[in-house]
Each structure stands twice: as C-alpha cells, then as structure tokens.
Amino acid sequence: MNLRQIEAFRAVMTEGSVTQAAVALGVTQPAVSCLIANLEESMGFLLFKRHRGLFQPTGEAEIFLEDAERLLASHSRATRTARDIRDLKSGSLRVAALPAVSMNFMPKLIAGFIRDRPQIKVSLQTRSSVQIREWISAQLFDIGFAELPANDPAMDIDPLSFDCVCALPAGHPLASKLRLDPHDLKGEPLIVLNPEHSTHYHLKAAFEAAGVPWAPHAECYLFQPSCRMAAEGVGIAVVDPFTAHDFEGQGVVFRPFVPRIPYELGLIYPALRPRSRLTAEFATALKAALKEMLKDKHQPGAP
C-alpha cells in the first residue's frame with residue numbers, strides 16, 4: 001500500500017462516494033476506483049462492496065479507517081516539520097556564550113533571530129570561556145562564543161578579533177583627546193583585568209614598551225565591574241567593545257587606545273558532527289549583528 005491509496009480510501013469514506021472523493025482529490029473517478037482496487041489487493045480483503053456503481057464500506061473498512069486517519073495525520077505532521085526545517089522555522093539551537101556578550105548583545109540577537117521563527121527553541125547558557133570550550137568539545141552545544149586561544153581537534157573555530165577601548169569617567173580631562181596611549185595614562189589610576197587574562201598581558205607590554213610605569217590601581221575578573229568602577233570615578237579601565245556598547249550613556253565615555261589591545265574571540269562548533277543549517281544561519285546573523293554594533297567610533301572595522 002502507499003499513501004495515495006490511503007488518501008483515496010479516506011476520501012471515499014469521508015465524502016460518501018467515489019465521485020465526491022475524486023472531486024476532493026482532484027483526480028478522475030476511474031483513478032480513485034483503481035487506487036481502491038490496488039489497496040484491496042495489497043491488503044488481501046475488500047474494503048467496499050460494489051453495487052450499481054456505489055461503494056459501500058465493509059466492516060473491515062470501518063476498522064481500518066482509524067489507523068488510516070492516524071497514518072495520514074502523522075505524514076502531514078512530518079511534511080510540515082520537514083518544510084519548517086527547510087525554511088529554518090523549526091528545530092532547536094543550543095548556544096553557550098561568555099558573560100561579556102550574554103548580558104545584552106546575545107539576548108537581543110536571539111530575540112531578533114526567533115521573532116519570525118516561533119517554533120525554534122533556543123537555549124542560552126552563560127559560562128567562562130574555559131567551560132564553553134569544554135562543552136563544545138563534548139558536543140553539548142551547537143555553537144559557542146568564547147575567548148581564544150583554543151586548540152582542540154574536537155572543535156572548529158571561526159576566529160574574530162576586536163580592539164579594546166579606554167573607559168573614562170564622564171567629564172575626565174582626557175576625554176578631550178581622540179585617542180589615548182600609555183603616556184596619556186601615566187599616573188592615572190588604572191583598572192585592569194586579572195593577570196591571567198590576555199588583555200592584562202597586552203596592556204602591560206604596551207606600558208613597558210612605552211617606558212611608562214605599570215602600576216594598576218584595581219583588578220577585576222570581568223570587564224563589566226571594571227567599567228562600572230570607571231563610571232564611579234575609581235579610575236580608567238580598558239574594556240572590550242561589548243561592555244563599552246552596553247555602558248554608553250552610563251556615566252562613562254570611551255576612547256580608542258593605541259597600541260592596539262586585542263580581544264580575541266571565536267565562534268566555536270563541535271568538529272565531530274555536521275553543523276546544522278540552523279546553526280549556520282545563526283552564525284551568519286551573529287556576524288551581521290557584530291558588524292552593526294561595531295559601526296561606531298571605538299572600532300576601526302568590523303570582523
């Protein structure tokens with residue numbers, strides 16, 4: 001038996017005649033009769049008794065109708081699901097992201113991504129970059145946004161590089177300058193991330209290369225509290241562009257810093273299984289959102 005035969009059977013049962021079933025299916029009456037006959041042959045029993053051109057359902061037909069309805073309904077659901085998957089309107093997406101992008105950037109991105117895809121289920125988990133890399137390597141998430149470096153054959157990496165910027169209290173005298181360098185920050189209270197973070201290393205190297213004493217005033221584990229401390233007048237912080245974007249208009253101003261202090265991130269994927277079309281589409285949307293966000297005075301270019 002095949003689905004077309006089942007459709008013909010249900011149409012005759014629900015429409016009450018072969019003629020009406022043919023109209024409902026958009027085929028000829030002989031075509032419906034042929035489909036029914038072939039179905040009966042494959043099943044080994046009669047579904048209808050023929051009398052003067054009329055098809056009268058047998059008891060077996062009444063019994064079979066319930067399963068036929070269930071089969072066709074299941075096929076219809078499968079067809080809709082396949083269409084939604086094809087059109088990227090169905091499925092699930094598991095995203096892991098570091099705190100710097102999880103407070104505002106990622107929620108806004110996800111909101112826009114699923115606005116026209118109400119059937120998509122998205123899970124966003126915020127963890128350290130180390131934890132995210134472990135999750136992706138173990139294939140627990142579809143895509144991760146984490147700090148680099150990351151050397152693991154179980155991960156595919158799409159590297160992205162950003163420039164850190166100086167965060168100054170609003171009204172600070174140095175805000176009049178277009179960009180800042182280590183000499184400008186000499187003697188200023190400096191807020192930095194902990195020594196294990198790559199930006200700490202790059203910033204210290206820039207000060208030493210310029211011959212400016214390296215004497216941080218405060219250390220933080222994340223960019224957000226260091227930026228908040230700058231807004232409260234504790235000192236000048238060097239922060240990532242995501243935090244700078246989030247803190248615009250909150251008692252702090254931002255200026256580019258030279259030499260460049262890189263903030264290396266990457267989109268990472270499990271390497272040991274195929275990347276879904278939904279994941280690829282989300283990654284494209286993420287990169288487009290990054291370009292839009294970085295169209296400001298703090299970044300010389302988008303990734």
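Two residues are said to be in side-chain contact when any heavy atoms from C-beta on lie closer than 4.5 Å; N2 and Q5 meet this criterion. Within the 4.5 Å cutoff, side-chain heavy atoms of L185 are placed close to those of L174. Side-chain contact check for V32 versus F55: every heavy-atom pair is 4.5 Å or farther apart. The side-chain heavy atoms of I191 and V234, taken from C-beta on, include a pair separated by under 4.5 Å. For the pair V238 and Y263, the minimum side-chain heavy-atom distance is 4.5 Å or more. The shortest side-chain heavy-atom distance between V239 and F247 does not fall under the 4.5 Å cut-off. Residues F223 and P225 have side chains not in contact (no heavy-atom distance under 4.5 Å, counting atoms from C-beta outward). For the pair F162/D240, no side-chain contact is recorded, criterion being any heavy-atom separation below 4.5 Å from C-beta on.
Pairs of residues two or more places apart, or lying in two chains, that qualify as ring pair (Phe, Tyr, Trp, His ring centres under 6.0 Å) and include a residue from residues 8-33 are F9-F48, F9-F64. Residue pairs satisfying the side-chain hydrogen bond (donor to acceptor under 3.5 Å, both in side chains) criterion with at least one member in residues 225-236, sequence neighbours excluded, are listed as follows: R228-Q250. Listed by first then second residue, pairs satisfying salt bridge (charged side-chain N to carboxylate O under 4.0 Å, His left out) with a partner in residues 170-179 read K177-D184, not counting sequence neighbours. For residues 17-38, the set of pairs meeting the salt bridge (charged side-chain N to carboxylate O under 4.0 Å, His left out) definition, not counting sequence neighbours, is empty. Listed by first and then second residue, the side-chain hydrogen bond (donor to acceptor under 3.5 Å, both in side chains) pairs involving residues 30-45 are E40-R50 (not counting sequence neighbours). Within the structure, no pair that satisfies the salt bridge (charged side-chain N to carboxylate O under 4.0 Å, His left out) test touches residues 13-33, not counting sequence neighbours. The salt bridge (charged side-chain N to carboxylate O under 4.0 Å, His left out) pairs that include a residue from residues 139-153 are R94-D142, D142-R273, where partners are two or more places apart or lie in different chains.
Ring geometry for W214 versus H200: interplanar angle over 60°, hence perpendicular rather than tilted (30 to 60°).
Within the model, atoms CD1 of I143 and CD1 of I132 stand 11.0 Å from one another, a figure rounded to the nearest 0.5 Å. Taken to the nearest 0.5 Å, the CE atom of M293 stands 8.5 Å off from the CG atom of D246. In this structure, the separation between SG on C227 and CG on L168 is 10.0 Å, given to the nearest 0.5 Å. Distance check, rounded to the nearest 0.5 Å: CD1 of I268 to OG of S129 gives 8.0 Å. Here M229 contributes atom CE and C220 contributes atom SG; the two are 4.5 Å apart, rounded to the nearest 0.5 Å. From F113, atom CZ reaches atom CG of L93 across 6.5 Å, with rounding to the nearest 0.5 Å.
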Quiz item: Does the pair L290 and F242 meet the rule for a side chain to side chain contact (heavy atoms under 4.5 Å, CB included), with working shown?
Solution: CA-CA 9 Å; L290 287 175; F242 299 96; 3.4 Å; yes
E188 and H172: side chain to side chain contact (heavy atoms under 4.5 Å, CB included), yes or no, with the steps? CA-CA 11 Å; E188 294 285 343; H172 193 285; 3.2 Å; yes
Show your reasoning for whether side chain to side chain contact (heavy atoms under 4.5 Å, CB included) applies to E66 and I63.
-> CA-CA 6 Å; E66 182 178 346; I63 295 172; over 6 Å; no
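When all heavy atoms of M13 and A61 are compared, the pair lying nearest together is CE-O, 4.0 Å. Nearest heavy-atom pair across G144 and I136 is N-CD1, 3.6 Å. In this structure, V101 and P107 approach most closely via the heavy-atom pair O-CD, 4.1 Å. The two residues S128 and Y221 make their nearest non-hydrogen contact at CB-OH, 4.5 Å. Taking both residues in full, the closest heavy atoms of G91 and L278 are given as C-CD2, 4.2 Å, listed atom of the first, atom of the second, then distance. Here the shortest heavy-atom pairing between A167 and F254 reads CB-CE2, 3.5 Å.
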Compile the donor-acceptor pairs under 3.5 Å between side chains in residues 18-28 and protein atoms, sequence neighbours left out, one pair per line.
| from | atom 1 | to | atom 2 | distance (Å) |
| --- | --- | --- | --- | --- |
| T19 | OG1 | Q29 | OE1 | 3.1 |
| T28 | OG1 | A31 | N | 3.2 |

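R255 places a side-chain N or O within donor-acceptor distance of the main-chain N or O of A175, the cut-off being under 3.5 Å. Side-chain atoms of E248 do not come within 3.5 Å of backbone N or O of H245 as any donor-acceptor pair. Between the side chain of S102 and the backbone N or O of L98, at least one donor-acceptor pair lies under 3.5 Å. Without hydrogens or angle criteria, T58 side chain to L47 main chain gives a donor-acceptor distance under 3.5 Å. Counting only distance, with no hydrogens or angles, the side chain of Q224 and the backbone of P99 share a donor-acceptor pair below 3.5 Å.
Listed by chain and residue number, D156, Y269, T279 satisfy the side chain to side chain contact (heavy atoms under 4.5 Å, CB included) test with R275 (two or more places apart in sequence, or in another chain). H51 meets the side chain to side chain contact (heavy atoms under 4.5 Å, CB included) test with no other residue; sequence neighbours excluded. Considering only residues two or more places apart in sequence or on other chains, P159 meets the side chain to side chain contact (heavy atoms under 4.5 Å, CB included) condition with L148, I157. Among residues two or more places apart in sequence or in another chain, the side chain to side chain contact (heavy atoms under 4.5 Å, CB included) test is passed with A210 by P182, H183, V212.
In this structure, M103 is not a member of the same hydrophobic cluster as V122, with clusters built from ILVMFWY side-chain heavy atoms closer than 4.5 Å. Both F45 and L71 belong to a single network of hydrophobic side chains, linked directly or stepwise wherever heavy atoms of I, L, V, M, F, W or Y lie under 4.5 Å apart. The cluster map of Ile, Leu, Val, Met, Phe, Trp and Tyr, joined by side-chain heavy atoms under 4.5 Å apart, puts I36 and L72 in the same cluster. Under the 4.5 Å side-chain heavy-atom criterion for ILVMFWY residues, a single connected hydrophobic cluster contains both L265 and L124. A single hydrophobic cluster is not seen to contain both L272 and M155; linkage of ILVMFWY side chains at heavy-atom distances under 4.5 Å, directly or through other members, places them apart.
Taking the charged nitrogens against the carboxylate oxygens, R4 and E7 do have a contact shorter than 4.0 Å, which makes a salt bridge.
With F145 as the fixed residue, the side chain to side chain contact (heavy atoms under 4.5 Å, CB included) test singles out one of L160, D158, L109: L160.
The number of heavy atoms from other shown groups lying within 6.0 Å of CZ (R70) is above 12.
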